Amino acid sequence: MSDSEEESQDRQLKIVIIGDGACGKTSLATRFAQESFGKQYKQTVGLDFFLKRITLPGNLNVTLQVWDIGGQTIGGKMLDKYIYGTQGVLLVYDITNYQSFENLEDWFSMVKKVNEESETQPFVALVGNKIDLEHMRTVKADKHQRFCQENGLGSFFVSAKSGDSVFLCFQRVAAEILGIKLNKAEIEQSQRIIKAEIVNYPEDDKQLNSAHSQSKVCSLQ
Ligand SMILES: Nc1nc2c(ncn2[C@@H]2O[C@H](COP(=O)(O)OP(=O)(O)O)[C@@H](O)[C@H]2O)c(=O)[nH]1
Ligand SMILES: [Mg+2]
């Protein structure tokens, strides 16, 4: 088997999650990563990341390294190392917190600056989190869409709390990075899986035990 064949069977992609404190970055990462693998939490000095393997159309296994920024802020010293060379960036804000949306300009500039000299630019997606709190929304959807259009970003609305569209978001970002088009059926399938999981899990059940994880693996098949 040639190198390129090997590579095409199991790619690793790095995706970093950035945005203001309390917009839900850690919740998103844990919601996504723990749903089928159980706890895969790795803690390193100043950097936390999760590993999760997903399968894209064509039986392509992709391992996503999802980096959670922890407590770092825009001026943080480690931030450029954290962002450098990443293939995907989720720019996350809280739809009920206007400031968290406004600050994305700065986060986005930071991403562009860090990757200025690199040959390839990461795929960046704008992620409006907490859509379970739609009634408290302060960032209008058209503002979100405009930001995406102006900057050529992917666009998602998710809820880390209910799980709504979380898997779909990561799956589509991975597919974009690899240049794979998902068809309608594949998109609907991942949405359906998420919905089934909302029904199965109480909202306040944040600590998933291994039994939960196993049943979630089953629900993905
Ligand atoms: N209602 C709601 N609350 C959320 C959601 N995501 C995160 N939170 C809450 O927002 C707070 C901050 O979340 P956290 O993941 O720690 O944010 P981080 O600082 O960006 O990592 C916590 O109280 C979470 O429970 C969501 O989708 N909906
Ligand atoms: Mg956090």
Side-chain angles (χ1 to χ4, degrees), residues 14-35 37 39-52 64-79 81-83 86 88-108 110-111 124-141 144 147 154-173 190-191 193-208 212 216:
K14 176 179 168 184
I15 297 178
V16 302
I17 307 182
I18 57 179
D20 274 13
C23 67
K25 299 179 298 295
T26 303
S27 304
L28 267 177
T30 50
R31 164 61 75 179
F32 170 65
Q34 294 184 345
E35 248 167 15
F37 265 3
K39 287 190 176 138
Q40 288 283 315
Y41 191 63
K42 310 241 174 192
Q43 196 160 28
T44 57
V45 183
L47 298 171
D48 299 335
F49 66 93
F50 296 81
L51 290 176
K52 177 160 169 163
L64 301 188
Q65 258 183 36
V66 179
W67 292 52
D68 179 21
I69 194 171
Q72 291 182 62
T73 50
I74 284 184
K77 277 194 189 134
M78 292 288 285
L79 210 55
K81 293 184 182 61
Y82 174 88
I83 292 172
T86 188
V89 176
L90 303 187
L91 279 183
V92 183
Y93 72 97
D94 170 355
I95 64 157
T96 71
N97 178 341
Y98 197 77
Q99 191 67 44
S100 72
F101 178 73
E102 283 202 320
N103 289 345
L104 286 186
E105 291 273 3
D106 294 340
W107 286 107
F108 187 46
M110 169 104 204
V111 172
V124 182
L126 181 64
V127 181
N129 186 34
K130 309 198 185 179
I131 48 161
D132 56 293
L133 301 177
E134 178 66 41
H135 55 290
M136 290 164 66
R137 179 194 276 273
T138 55
V139 182
K140 291 209 176 101
H144 171 115
F147 192 83
S155 165
F156 298 94
F157 287 108
V158 304
S159 168
K161 185 172 183 183
S162 68
D164 201 358
S165 298
V166 173
F167 186 81
L168 178 76
C169 170
F170 282 93
Q171 184 197 36
R172 290 183 72 172
V173 168
S190 55
Q191 280 174 326
I193 290 163
I194 298 296
K195 279 184 187 146
E197 287 174 353
I198 297 166
V199 175
N200 287 339
Y201 298 99
E203 288 191 345
D204 57 355
D205 186 8
K206 293 204 181 95
Q207 299 297 320
L208 301 174
H212 275 134
K216 287 181 180 184

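Remember, it's 1-based here, ligands and their atoms both numbered in the order they're listed. Keep in mind it's a predicted model, so treat the numbers as computed, not measured.
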Can you list the atoms of ligand 1 that are under 4.0 Å from a heavy atom of [X]?
| X | value |
| --- | --- |
| Gly21 | 19 (O) |
| Ala22 | 10 (O), 12 (C), 17 (O), 18 (P), 19 (O), 20 (O) |
| Asp20 | 20 (O) |

Side-chain donor or acceptor of Ser159 paired with backbone N/O of Ile131 under 3.5 Å: no
Donor-acceptor under 3.5 Å (Thr138 side chain, Thr96 main chain): yes
Parallel, tilted or perpendicular: ring planes of Phe170 versus Phe32, cut at 30 and 60 degrees: parallel
How long is the straight-line distance from [atom2] of [Y] back to [atom1] of [X], given to the nearest 0.5 Å?
| X | Y | atom1 | atom2 | value |
| --- | --- | --- | --- | --- |
| Glu102 | Phe147 | CD | CZ | 11.0 Å |
| Ile69 | Ile17 | CD1 | CD1 | 9.5 Å |
| Cys23 | Asn103 | SG | CG | 10.0 Å |
| Ile95 | His144 | CD1 | NE2 | 10.0 Å |
| Asn129 | Ser27 | CG | OG | 7.0 Å |

Hey, is ligand 1 close enough to [X] that some N/O pair sits below 3.5 Å?
| X | result |
| --- | --- |
| Asp68 | no |
| Gly24 | yes |
| Leu133 | no |

Distance criterion under 2.8 Å: protein N/O/S atoms around the Mg ion (ligand 2): 1
Option of least heavy-atom distance to atom 7 (C) of ligand 1 (set: Gly163, Ala29, Ser27): Ser27
Per atom 9 (C) of ligand 1, closest listed option by heavy atom (Lys130, Lys161, Met136): Lys130
Ligand 1 contact on Asn129 by region, counting heavy-atom pairs under 4.0 Å: side chain
Salt bridge (charged side-chain N to carboxylate O under 4.0 Å, His left out), paired with Asp94, selected from Arg137, Lys25, Lys130, Lys161: Lys130
Exceeds 12 heavy-atom contacts within 6.0 angstrom, atom CD of Glu105: no
